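Throughout, residue positions are numbered sequentially from 1 according to the sequence presented. Owing to the predicted nature of the structure, the values given are computational and were not obtained by experimental measurement.
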Amino acid sequence: LKQRWGGLSAPRLRARNSLAGGMAAVPGQETAVVVKIQGKQGRHSFINGEYEQSQQKYNGRPVWVCRAVQPVYIFHTAKSRWVVSRAVDDNARCYAFAKDSGSPDPTTCTSPIVVCDAEGKWTADPGVTFTKGHASNDKFVQLRMSLEQELAHYGLNDVPSLKTLWKRLDFNGNGIVSLAEVDKLVVEMVSGGSWPTWLNNKPALMRAYKKTTLKDGDGSDWVEKREFHMLLLNIFWFNKLWQVFEAVDGGDRRIDVREFMAGMSQMGLHLTEAEAQKEFQKMDTNHGGQVLFVEFCAYVRQRVNPDINPAFDADIASGEQCSRAIRASHGSRATETHFVTKKSMRCFDDTERKIRAAMQDNAELRKLWRCIDFNGNNIVSLAEIDKFVVEQYPVLNHKPALMRAYKATIQAGNDDDWVQKKEFKSLLGHLFYFNKIFWIFDNADGDKDRRMAYPEFKWCVTLCAPGAKLTEAELQQDFRKVDRNGGGLILFDEFCKYFTQKACPQCLTDLLD
């Protein structure tokens, strides 16, 4: 697990920090000086928090990095100011500054801190303070601090390298990039050996993209040039978390309390059973006994940088609180122009007829392929497929089904990370089939927790495969086979694997023929 952790165990990290200098000695351990910013209200309030001293020095002075996973730094201008900015030596995005009192530690500044108010004017704000915080030995805080070293190692902190990489990413030069373009860049950088293989994980990339656009950015569906550094930081961060999560989840992309306790012990966080239960309950907000990656990410964020806003992770966790948070924050304005039509079996029947017709018409197939392969490289990624479905077949827009269709297609092909032109027909069939299963699964899932108990499983199998004619005993036996950990609940992925073995081959063959 220490290899997955990125090669920075606590002793090695402390040793490297001690070599960098600027650390305060504490009996029995070595910890970094921590600067805490408090009191900023309104615009740029995100600068509040604790900043750990990094390995980097600028103008011969230490640099402090925000514990929150966002690019905010404290550094000295080499003249007379300590600056809080989005990047070291970035004068265009300064959030606050204070006159230097002659000490290398910004907490000794005696003059008021100057901030940018809501009207864009620079004024002294006596309510904002720099104080000394408490150093943390938390493993996840140390993991956060290792990101700066990783970015520097791969040349992603200097402006010329960032500009070159952005030009490669934004190949059409429109100043914004989509998830598909980001995915393409990551795959190319990893396959070319420029980036390590652990950076190419789709769940981590999706989480990084959403955090960049929804939290760090302006809420649009695109990553803009000024958000690029944030995106890179998030890609590294969520892939680091994915490594930790994947190492303890047992291969089913979810963790229970036993896996959580064992994984924390491997990382050096030795918890008693009671302590592990208490920490696990912080993640398991719906008390289902199992935690998904997005919930794990929300838990780590709370550990690294607790936030006073309880709705911060509403869209990051399981999604159960998302609509409530949107209504509370925005009222009906966020959705007043949206009109939703409830899906029915008739919708899927109509879509099936369209897909069947397209599969029998080579001209239509070529037209659809040009639509999905918009950059003309004859391969498409998961993100490109997602975009295609949203635009062409909105009735099939279910992300879990999209992931299952994507995996089934590439496994049936040459098992790489791309869907090739010769696999396109198979992709269309899988997209329809798994979306229809998911729609039935979702309708059976009464509590909408994306988990299925036995009564829901029974209803689903009866509706999806009426010809199977399974007895009650056979259904219970099948449910126990799918429910490998005996928790009484199964996920959509597991149901798909089961149902594919039961009924998919002939059905899918009929659709593709």
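In this structure, CD1 on Ile355 lies 11.0 Å from CD on Gln392, to the nearest 0.5 angstrom. To the nearest 0.5 angstrom, Asn239 atom CG is 10.0 Å from Lys202 atom NZ. The distance from atom CG of Leu396 to atom CG of Leu402, rounded to the nearest 0.5 Å, is 9.5 Å. Separating the NZ atom in Lys422 from the CD atom in Gln420 is a distance of 5.0 Å, to the nearest 0.5 Å. Here NE2 of His153 is found 11.0 Å from CG of Leu151. Values are rounded to the nearest 0.5 Å. Residue Met283 holds its CE atom at 4.0 Å from CZ of Phe260, rounded to the nearest 0.5 Å.
Phe296 and Phe245 have tilted rings, their planes meeting at an angle from 30° to 60° on a 0 to 90° scale. Using cut-offs of 30° and 60° for the angle between ring planes, the Phe238 and Phe293 rings count as perpendicular. Using bins of under 30°, 30° to 60° and over 60° for the plane-to-plane angle, the ring pair His398/Phe438 lands in the tilted bin. The aromatic rings of His430 and Phe434 lie parallel to each other, with less than 30° between the two planes, well short of the 60° mark.
Between Arg254 and Glu259 there is no salt bridge, since no side-chain nitrogen of the basic residue lies less than 4.0 Å from a carboxylate oxygen of the acidic one. Between Lys367 and Asp361 there is no salt bridge, since no side-chain N of the basic residue sits under 4.0 Å from a carboxylate O of the acidic one. With salt bridges taken as basic N to acidic carboxylate O contacts below 4.0 Å, one links Glu188 and Arg168. Taking the charged nitrogens against the carboxylate oxygens, Glu279 and Lys282 do have a contact shorter than 4.0 Å, which makes a salt bridge.
Here the closest non-hydrogen pair linking Glu352 and Phe432 is CB-CZ, 3.4 Å. The two residues Leu156 and Trp195 make their nearest non-hydrogen contact at CD1-CZ2, 4.1 Å. Contact record, Asp183 with Leu382: OD2-N, 4.0 Å, taken as the closest heavy-atom pair. A pairwise comparison of heavy atoms in Thr213 and Trp222 identifies CG2-O, 3.6 Å as the closest pair. In terms of heavy atoms, Thr351 sits closest to Tyr393 at CG2-CD2, 4.0 Å. Contact record, Thr409 with Leu427: OG1-CA, 3.4 Å, taken as the closest heavy-atom pair.
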Take Leu241 and Trp237 through the side chain to side chain contact (heavy atoms under 4.5 Å, CB included) test and state the conclusion after the steps. CA-CA 6 Å; Leu241 292 188; Trp237 171 245; 3.6 Å; yes
Given side chain to side chain contact (heavy atoms under 4.5 Å, CB included), test Leu475 with Tyr454 step by step and report yes or no. CA-CA 9 Å; Leu475 282 170; Tyr454 174 71; 3.5 Å; yes
Worked verdict on Leu165 versus Leu185 for side chain to side chain contact (heavy atoms under 4.5 Å, CB included): CA-CA 9 Å; Leu165 193 60; Leu185 174 71; 4.0 Å; yes
List the steps and the verdict of side chain to side chain contact (heavy atoms under 4.5 Å, CB included) for Lys240 and Glu150. CA-CA 11 Å; Lys240 288 275 189 180; Glu150 295 278 3; 2.9 Å; yes
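Using a distance-only test at 3.5 Å, with no hydrogens or angles considered, a donor-acceptor pair links the side chain of Asp170 to the main chain of Gly175. For Asn201 (side chain) and Pro203 (main-chain N/O), no donor-acceptor pair under 3.5 Å exists by modelled atom type. The closest donor-acceptor contact from the side chain of Glu181 to the backbone of Ser178 lies under 3.5 Å. Between the Gln476 side chain and the Ala473 main chain, no donor and acceptor come within less than 3.5 Å of each other. Put simply, the side chain of Asn435 gets close to the backbone of Leu431: a donor and an acceptor are under 3.5 Å apart. Of the possible polar contacts, none joining the Asn200 side chain to the Val187 backbone as a donor-acceptor pair under 3.5 Å is found. Side-chain atoms of Glu384 come within 3.5 Å of backbone atoms of Ser381 as a donor-acceptor pair (strictly under, hydrogens ignored).
Side-chain contact check for Val182 versus Tyr209: some heavy-atom pair is nearer than 4.5 Å. In this structure, the side chains of Ser194 and Tyr154 stay at 4.5 Å or more apart for every pair of heavy atoms. Looking at heavy atoms from C-beta onward, Gln277 lies in side-chain contact with Val257 at the 4.5 angstrom threshold. Using a 4.5 Å cut-off on side-chain heavy atoms (C-beta onward), Lys421 and Asp373 make no contact. Taking the side chain as every heavy atom from C-beta outward, Val186 and Ile235 approach each other to under 4.5 Å. Lys210 is not listed as a side-chain neighbour of Asn234, based on a closest heavy-atom distance of 4.5 Å or more. Within the 4.5 Å cutoff, the side chain of Phe388 has heavy atoms near those of the Leu428 side chain. The shortest side-chain heavy-atom distance between Thr471 and Glu474 falls under the 4.5 Å cut-off.
Heavy-atom neighbours of Lys407 NZ from other residues, nucleotides or ligands within 6.0 Å: above the threshold of 12.
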